[in-house]
Amino acid sequence: MHPAEALAQQLQPGCGWDQWLADEFRQSYMLALAEFLAAEEQAGKVLFPPSHLCFNALNSTPLDKVSVVILGQDPYHGPGQAHGLCFSVRPDVPPPPSLVNIFREIETDLGIRPPDHGCLQPWAEQGVLLLNSVLTVEQGNAGAHQNKGWETFTDRVIETINQHREGVVFLLWGSYARKKGRIIDRNRHLVLEGPHPSPLSAYRGFFGCRHFSRANEWLEQQGRPTVDWRLPDKASLIASYKKN
């Protein structure tokens, strides 16, 4: 079996994405990417997230359920952090600084107190696609898998939403996300842009952007379910993670 076939098997059938993305796994860029990932693992390098969580964002948020898209850049490269959702960490890992700032903005915007963890899996299961541009990374080597093909694949994901869904809210934080979101048809979707929530830039306009309430206002206007931005407590999520 070619590594690209093994990679394709991590995308769950019936999630809706497989219908539109299956051909990508036969493209030359994806064949090269899969071979690169296989070679890295054979060389003993530790990759994050684990392979079965590589497409966690897509598997957790079926195409026909996507209501909000948050774009990130790379997975976290520390042990035990990345689990396939941008900005999110496993529930027993302290929230990184950017996520702390996201929770701070949600509290200001909606009055929701920050949770005692940083796992955003419940958002994904409500229709919030938490998509990184690059879906893997080498442990301790930030950005190691940039420009290997993932960016092309995730562009196809965005194109699929753009073409086959209506009225989706895209939250684009920082110049990287804004650039990646240029293909979005703003006559069909709502695009909210702002600075990245990183401590280096959050004070330049991320704080006070009210993207979370504005996303829900838009969804309500479209007659669609809003997002409950509250998160369950840490103990509940750890219990559910033991199943994975």
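Bear in mind that the values here come from a model prediction, so they are computed numbers and not experimental data.
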Parallel under 30°, tilted from 30 to 60°, perpendicular over 60°: which one fits the rings of Phe55 and Trp150? perpendicular
Determine whether a donor-acceptor pair (N or O, by modelled atom type, separation under 3.5 Å) exists between the side chain of Ser201 and the backbone of Pro197. no
Donor-acceptor contact present, side-chain Arg188 to main-chain Asn162, <3.5 Å: yes
Side chains of Asp74 and Gln146: donor-acceptor distance under 3.5 Å anywhere? yes
Between Phe48 and His77, is the ring centroid distance below 6.0 Å? no
Checking Glu105 side chain against Gly208 main chain: does a donor-acceptor pair fall under 3.5 Å? yes
Taking Glu217 first and then Arg210, would you say they form a salt bridge - that is, a charged N and a carboxylate O separated by under 4.0 Å? yes
side-chain hydrogen bond (donor to acceptor under 3.5 Å, both in side chains): which pairs involve residues 2-17, sequence neighbours left out? His2-Glu35
Does a side chain donor of either Ser213 or Asn216 reach within less than 3.5 Å of an acceptor in the other side chain? no
Answer yes if the side chains of Thr136 and Lys148 hold a donor-acceptor pair under 3.5 Å, and no otherwise. no
With His196, which of Phe207, Tyr203, Phe87 fulfils ring-ring contact (aromatic ring centres under 6.0 Å, His included)? Phe87
Taking only Lys NZ, Arg NE, NH1 and NH2, and the carboxylate oxygens of Asp or Glu, determine whether Lys234 and Asp92 approach each other closer than 4.0 Å. no
Assess whether ring-ring contact (aromatic ring centres under 6.0 Å, His included) is satisfied between Phe36 and His145, documenting all intermediate values. CA-CA 9 Å; Phe36 164 76; His145 293 181; 5.0 Å; yes
